[in-house]
J.: 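I have a structure here, written as structure tokens, and I will follow up with some questions on it.
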Amino acid sequence: MAIPVKDDTKLVTVKIDDKEYQVPAGANLVDLAKWYADNDIPVFCYHPKLEPVGMCRMCLVELGSIMRDRETGDVVLDDNGEPTVRWFPKLQTACTQTASDGMVVRTNTEAVDETRENVLEFLLTSHPLDCPICDKGGECPLQNLTMEHGPQESRMIYSDKMHLQKHVPLGDLIFLDRERCIQCARCVRFQDELVGDAVLGFHERGRRLQIITSSDPGFDTYFSGNTTDICPVGALTTADFRFGARPWEMTEIPSISPWDAAGENISLSMRLDRDFGGRAMIKRVMPRQNEYVNELWISDKTRFGHHFTRSLDRLVEPMVSFGDKLTDQSWNDAYKAAVTALEGASGDVAAIAGGAISNEDLWELRQLVEGLGGSRLGAWPPTHGGADLVAEVGVGQDTNLKELGAGDAILVVASDLEEEVPIWRLRLKRAQDRGAYLVVANARPTRMEEFALDTQRNDKPVEGAAVRYAPGEAAAAISDLKSSNKDVYDRLADATNLVVVAGADGLDLDGNKALMQACANLLIETDHVGKANNGLMSPIPGPNGMGLHYLGYTPEVTQDIVANPPKVLIVAQAEPAEDDPTATEWLSKVDTVITLSLFPDRTTSYASIVLPIQSFAERDGTFVNGERRVQRFYTAQGPLGEAVPAWKILTTIREKLGQGRAKLSAAAVMLEITKNVDVFAEMRYKNLSQVTRQFPEIGGDDLYYGGTAYQNRGGLGIQIPSAADSGKVKAGKVASVKATKASKGELIALPITELYNRSNAFMPSGLVHARVAVPYVTLSSSDADDLGLVDGDLVEVSFEGGAVRVRATVGDVPAGVALLPQHLTDEPTPIVPTVVTLSKIAQPVLA
Amino acid sequence: MALKEKYNDRIQLHLSKYPDSRSAVMPLLYIAQEEYGYVNDQGVDEVAEILDLDPTQVRSIAGFYTMYSEKPKGKYWLQVCTDLACALNGADEFHKALKDYLGVEEGGTTEDGLFTVEHVMCLAACDKAPMLQCNFHFMEDLDMDKMKAWVEEKRAEYQAELDAK
């Protein structure tokens, strides 16, 4: 892999410090010097993922070109027969130069050295000398470059230093130290260019130039933490980590984000910590480079949502109920109880597993259930079908969303990507910036739709279209696109590459499955399957939604389990009664519920055996992300109480049931999977941990180049080929969908996703509480008028299985439906479109 | 009343001048400054809304250019040029005398809220030095006698207004 350029890019010869290199024409000079010549040109404002601006002047080099005779085109030779170089009279910023034939660069001359020293002296005129208490100290580009190139002594008068505010909260999560800021504008540009929320800006000018936000709320995006990584000084720090530890005290453990289908590669910064009884504790979560998955970025949920792994609310002891209530028991007694219950089920055993459980756990669970004669394996939540279609026509091998651009197209249907999979939203928006045509289809407005409707971004034209369909009509909208919206259809059909993201926003399982089939058909019809950067993705909840599919867990079976409860049900890292108001009804029909849980919750209260499992941070395992990439995470955090990895609990129970010897490691479980499940044949741990050189090359001594995102040492993972990658696939029939109907006076509540919510796993991250929305329901103004409601009214929303009290908001939604976010209220709310009634409880409280 | 209603004609005129509406941010900020006496948060929010920009972007523009004032000013904002040509014609002395007469520091405002004095860089009227700019209108060939008369005239006007109320 080299600097990514188009196939038809020609190579040119560039001379760097008297050595010649063949490099792609048009490549950035800083990038190519590093990549080809291992020559780290120091930078502050340049970042390989941002547009160059040439602001900091740190990258000045001597630049020239080989002279050619204007008439003959021959190289002009000097007296010694060497080519004559025409030098620029002054130094040039390398970051704003691109490679052209005959370019000559010198970085090791006296003039360059002197310039570097001068620029540093200038930057340091008023920089505070608080490195010993600065969070960046130890991994600070300014510190490193000062040691390397800076002046030894200051010529400045100490008392003339500018003193500025040192603790400016830019939002709830990020603090700004105005004295440390060197005005590189990386954070401003990150927000402008990558995120598309221009909430950071410069104020005043010259020596008084400083970063501000005047937005309300302030620096409040789902990606704000990334600015602290690319900040080349300690000016931006996170409220979560500031003053928490020094970089050199921590050990970096590769891991995978436990939240969503993106499977962001992360690095857990671990330290043996007093606050955690001397055990290894997560001090911070940092991005780990994987150019296929998350590049150098992670969402704030991933960065700040790690506190649940050591929450005091975690289950730390097995519990068994002998009749009335659950009591703490030893593992021996808990195993005994489990074995007795399972043996007594005479084969009527089923399991439901959530999307955050690892493949190893899923395999052992499946072996256990099948070994007892059961066959029903359900996926939770039963809202997202179509994983089989992702396996069939999912994005092709070597897909990389960052390669999408001009001539390509993206279709996002029935998904609020910003809330569901923020990293996909970041990367797909970026693809639109590069020229891809973005179509967003939904029954309601979303952030992604705003992007689709933009015509211009950062002074460049962007293209897109929005399609609004009637609630529940997603599949029909896609199937009929050719007739109903020919322009849009043609753009998608004619695109060089087409990626479709289809979700379940506002749909039930049947609606989602029909939509997935319609999308698969669109891809097959227009020949956009079986090749890189083409195909289907789905924001199935949890980091291992596709793992559920590949190991045989389906939402259809969950529906069957709900309809026909088994004698013994194993609920593995799923919280049905927390998610779904109707779950208590069917859970109470099961004789024995055994749960493998992180937290005591509504589901465990229906269980007679509750087994505490370890979180992703305490153990090894693998997840399959939404692009079907199998990725490995490693043991980082010290163990909590008696909790044990789920696979270990299951393998032990199997041994006690006489199903063979218990396995000793997650690697051994994976080895067994590779031998039994075809698609996993290549997925041995050793293979999953392979790393190849990635562009841009970050994480070396030159932290100034890529920021503090970590180098990938844990593996890039391996993508499971889709069926279309290895053979022909055929379009299927789109089933007709029965719409949910409401009578007069009723509305249909569409469940929607809020990234920050009050789920058990997210609540322990107290820092983010202020940003969790007040529970609300959004309805159309016509429905609000009919019901006599105004914005801000407290209303009771009643539905089958319960009722919640929330604030009414009037918004841009179709008449007859109401948006009811999940996991904002203490009580569960419907997980599929459901008939509800609204009644007013109180007037809005006036401030 | 919001800027959009009160100055709709002027705002539309400015918007019609540019292919991209965001280019109108500077003229609109002048309108906001005129209305509120300085560029306040409300003005920034309103301009941002009209142009579909983020308030931070608008605030950045207001912060960069010194002809936008981000602090409340007196009714008469007196910007005395003290650049070289003016200085040679006694602008420094004039500037100091004016401040002394009004009893304010550099950038300060008189207690009655009428006058703010500050010095600025060249206003391109070197031949008429000393000179100043009052609410963006030039007052040229000044001396303290002329200035005192003008100040007293404005004070009297203001007093008359108060009395009328």
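Residue numbers begin at 1 in each chain, while the letters A, B, ... track the order of the sequences.
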J.: Measure across B:Thr66 and A:Arg205 and return the closest heavy-atom pair with its distance rounded to 0.1 Å.
T.: N-NH2, 4.0 Å
J.: Less than 4.5 Å to any heavy atom of chain A: does that hold for the side chain of B:Asp52, its backbone, both, or neither?
T.: neither
J.: Is A:Leu209 in contact with chain B via its backbone, its side chain, both, or neither, using a 4.5 Å heavy-atom distance?
T.: neither
J.: Is the backbone of A:Ser214 close enough, under 3.5 Å, to the side chain of B:Thr56 for a donor and an acceptor to pair up by distance?
T.: yes
J.: Report the distance from atom CG of A:Asp459 to atom OG of B:Ser23, rounding to the nearest 0.5 Å.
T.: 8.0 Å
J.: Taking atom CD of B:Gln12 as the centre, does the number of heavy atoms from other residues, nucleotides or ligands within less than 6.0 Å exceed 12?
T.: yes
J.: Is it true that atom CD of B:Glu49 has more than 12 heavy atoms of other residues, nucleotides or ligands lying nearer than 6.0 Å?
T.: no
J.: Using a 6.0 Å cut-off, check whether atom NZ of A:Lys460 has over 12 heavy atoms from anything other than its own residue.
T.: no
J.: Is it the case that atom NZ in B:Lys146 sees more than 12 heavy atoms from other parts of the structure closer than 6.0 Å?
T.: yes
J.: Mind checking the CZ-CD spacing from B:Arg22 to A:Gln456? Nearest 0.5 Å is all I need.
T.: 7.5 Å
J.: Is it the case that more than 12 heavy atoms not belonging to B:Lys96 sit under 6.0 Å from its NZ atom?
T.: no
J.: State, to 0.1 Å, how close B:Gln57 and A:Ala198 come at their nearest heavy-atom pair, and which atoms those are.
T.: NE2-CB, 3.3 Å
J.: For atom CZ of A:Arg207, decide whether the heavy atoms of other residues, nucleotides or ligands shown that lie under 6.0 angstrom number more than 12.
T.: yes
